[in-house]
Engineer: 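Dumping the structure here so I can ask a few things about it.
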Amino acid sequence: MTATARPGAVWPWDEAGRSKFLATLPLFRELTPEVVHRFAAVIQPRAIRRGEAVFLEGEEASAFHVLAVGRVKLVRETDEGQEVILRLIQVGEVFGGAGIWGEPRYPASAFAQEDSIILQLSTPTFITLLHAHPEIAFAIIRLLAGRLRDAEARIRDLQTAQVEQRIANVLLRLAGKTGVKTATGIKIGIPLTRQDLAELSGTTLSTASRTLSGWHQQGIIQAGRERVTILQPHALVAISEKIPDEE
C-alpha cells in the first residue's frame, strides 16, 4: 500500500517506510533510530474510509494512533445532542492515546473526514516500549504540554470571548499550524467547512457562515468552498483581541 502522506512525499507502508515516516514526526524526531525502528516494527497501517469511525467515545482505549494520510476529526456530543469538534488532526499528528496516560476508555470519537491511513499501535505494546525506552515518556510529556496549552486557550475563548473573537482565534490557530503564504495572504492548508468552523468555535452554522461572509465582503478573508485565505492578518488579530463589551 502506498499513499501520499504529505505534499511531495510518497511512503510505502512496509516496515522501512513506516520507520522513515515516523522519523520525520516531532514525537519521534529526538529518539534514536533504534527506538524509531522498534516502533515501526510493531505499529501497523489501517485504511479508514471517509465517514468511518477510527474509534468511538466510550470504547476501550485499546490503541495509539498516528495519522499518516488524510484528515480526521475528534468530536464529542453535548448533552443537547450537538456535535462539537475538539481537534482537527493533521498528517503526522498522534491521537487517541488515552490508554497510554491511564484512561480506560476513549473520551471522544474520531472520524475520517476523507479516505485516510492510520498507523495504529496497541496500548499494551506501547506501554511495553515505554518501559524499555523511558526517553519516549519525555517526548510524550512535551507533546501533552503543548496540547494542554492549546486546550487552556480554547477553554478561555469559550468562556470569555465573543463569537467573532472565537471564530477569529480558530482561523488564526489553524493558520499558525497549517498556513501557507501566497501572493494574496495566508491560505489555511486544510479543507475547512463552515460546519467545522462552527463546531470548533462553539457557535451555530448560521453564525459562522454569516461571520465569514461579512469578513469576505470586508476583504479580511477570502472564503471559498472549504477553503479560507486570510488576506488581512492584522485585521483578524484585532478582532481576536477585542475586549468584550461589559454587560
Side-chain angles (χ1 to χ4, degrees), residues 1-6 9 11-77 85-148 150-151:
M1 180 187 301
T2 62
T4 302
R6 60 180 184 179
W11 307 91
W13 299 113
D14 57 13
E15 183 176 334
R18 297 195 300 268
S19 181
K20 184 178 179 181
F21 174 69
L22 291 176
T24 68
L25 307 185
L27 177 61
F28 299 90
R29 202 171 288 153
E30 297 181 14
L31 302 178
T32 66
E34 175 194 2
V35 175
V36 175
H37 292 329
R38 289 202 62 182
F39 258 95
V42 291
I43 200 167
Q44 295 298 318
R46 173 187 169 193
I48 307 288
R49 293 290 186 186
R50 178 177 181 176
E52 184 181 348
V54 183
F55 52 79
L56 295 174
E57 181 179 348
E59 288 184 345
E60 180 186 357
S62 59
F64 165 90
H65 309 78
V66 180
L67 180 59
V69 176
R71 290 189 296 145
V72 167
K73 62 178 180 179
L74 288 183
V75 302
R76 290 194 71 173
E77 192 172 285
I85 296 179
L86 302 179
R87 278 177 59 215
L88 294 176
I89 309 300
Q90 307 304 309
V91 168
E93 290 189 339
V94 304
F95 65 101
I100 307 303
W101 27 92
E103 294 290 337
R105 300 191 178 278
Y106 293 116
S109 301
F111 294 95
Q113 294 182 288
E114 60 187 46
D115 291 351
S116 302
I117 295 175
I118 311 295
L119 300 184
Q120 188 168 289
L121 180 62
S122 74
T123 297
T125 302
F126 194 111
I127 291 174
T128 297
L129 287 172
L130 279 178
H131 287 300
H133 301 281
E135 63 269 32
I136 298 171
F138 290 104
I140 291 289
I141 289 170
R142 287 192 294 271
L143 173 70
L144 292 180
R147 296 266 179 88
L148 180 59
D150 289 344

Engineer: Report yes if some heavy atom in the side chain of Pro45 is under 4.5 Å from a heavy atom in the side chain of Leu119; otherwise report no.
Structural biologist: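 Yes. Closest side-chain heavy atoms under 4.5 Å.
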Engineer: I need the single residue from Gln113, Arg50, Gln90 that forms a side chain to side chain contact (heavy atoms under 4.5 Å, CB included) with Arg71. Which is it?
Structural biologist: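 Going through Gln113, Arg50, Gln90 one by one, the side chain to side chain contact (heavy atoms under 4.5 Å, CB included) with Arg71 is satisfied by Gln113 alone.
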Engineer: Identify the two heavy atoms, one from Gly70 and one from Leu67, that lie closest to each other, and give their separation to 0.1 Å.
Structural biologist: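 Shortest heavy-atom separation between Gly70 and Leu67 comes out as O-CD2, 3.5 Å.
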Engineer: Using atom types as modelled and distance alone, determine if a side-chain donor or acceptor of Thr123 lies under 3.5 Å from a backbone N or O of Ala63.
Structural biologist: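 Judged by distance alone, yes, a pair lies under 3.5 Å.
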Engineer: Ignoring hydrogens, what is the shortest heavy-atom contact between Pro134 and His131? Give both atom names and the distance.
Structural biologist: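 Result for this residue pair: CD-O, 4.2 Å.
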Engineer: With distance as the sole test, does Arg49 use its side chain to make a donor-acceptor pair with the main-chain N or O of Asp115 at under 3.5 Å?
Structural biologist: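 It does not hold such a pair.
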Engineer: Just to verify, which of Ile89, Ile43, Val91, Leu121 counts as forming a side chain to side chain contact (heavy atoms under 4.5 Å, CB included) with Val66?
Structural biologist: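 Testing each of Ile89, Ile43, Val91, Leu121 against Val66, the sole residue satisfying side chain to side chain contact (heavy atoms under 4.5 Å, CB included) is Ile43.
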Engineer: With side-chain contact (heavy atoms from CB on, under 4.5 Å) as the test, would you mind laying out the steps for Val42 and Leu129 before giving the verdict?
Structural biologist: CA-CA 10 Å; Val42 291; Leu129 287 172; 4.1 Å; yes
Engineer: Rounded to the nearest 0.5 Å, how far does CZ of Arg142 lie from CD of Glu30?
Structural biologist: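 Glu30 CD to Arg142 CZ: 4.5 Å, rounded to 0.5 Å.
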Engineer: Any chance you could measure Leu27, atom CG, to Ile140, atom CD1, to the nearest 0.5 Å?
Structural biologist: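 These two atoms lie 4.5 Å from each other.
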Engineer: Does the plane of the ring in Phe21 sit parallel, tilted or perpendicular to the ring in Trp13? Use 30° and 60° as the thresholds.
Structural biologist: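 Ring orientation, 0 to 90° scale: perpendicular.
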Engineer: To the nearest 0.5 angstrom, please state how far the CZ atom of Arg38 sits from the NE2 atom of His133.
Structural biologist: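 Taking CZ in Arg38 and NE2 in His133, the distance rounds to 4.0 Å.
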Engineer: Would you say the side-chain atoms of Ser19 pair up with the backbone N or O of Glu15, donor to acceptor, closer than 3.5 Å?
Structural biologist: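 Not at all, since once roles are kept as given, no pair shorter than 3.5 Å links the two residues.
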Engineer: Does any non-hydrogen side-chain atom of Leu22 lie less than 4.5 Å from one of Leu31?
Structural biologist: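 A side-chain contact is absent here, since even the closest heavy-atom pair is not under 4.5 Å.
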Engineer: Ignoring hydrogens, what is the shortest heavy-atom contact between Phe111 and Leu56? Give both atom names and the distance.
Structural biologist: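 It is CZ-CD2, 3.7 Å.
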Engineer: First locate atom CZ of Arg46, then atom NE2 of His65, and finally report the distance between them rounded to the nearest 0.5 Å.
Structural biologist: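 It comes to 6.0 Å.
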Engineer: Minimum heavy-atom separation for Gly97 and Phe64, please, with both atom names.
Structural biologist: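 Closest approach of Gly97 to Phe64, heavy atoms only: CA-CD1, 4.4 Å.
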Engineer: Picking from Leu86, Val54, Leu74, Val75, what satisfies side chain to side chain contact (heavy atoms under 4.5 Å, CB included) with Ser109?
Structural biologist: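 Exactly one candidate clears the test, Val75.
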Engineer: Can you classify the ring geometry of Phe39 versus Phe126 as parallel (below 30°), tilted (30 to 60°) or perpendicular (above 60°)?
Structural biologist: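 The rings of Phe39 and Phe126 stand perpendicular, inter-plane angle above 60°.
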Engineer: Could you tell me which non-hydrogen atom of Ile48 sits nearest to which non-hydrogen atom of Ala112, and how far apart they are?
Structural biologist: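 The answer is CG2-CB, 3.5 Å.
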Engineer: Report yes if some heavy atom in the side chain of Arg105 is under 4.5 Å from a heavy atom in the side chain of Glu59; otherwise report no.
Structural biologist: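 Result no, sub-4.5 Å side-chain heavy-atom pair not found.
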Engineer: Minimum heavy-atom separation for Ser116 and Val72, please, with both atom names.
Structural biologist: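 Between these two residues, the closest heavy atoms are OG-CG2, 4.5 Å.
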Engineer: Say whether, by atom type as modelled, one donor and one acceptor occur between the side chain of Tyr106 and the main chain of Gly99 under 3.5 angstrom.
Structural biologist: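 No.
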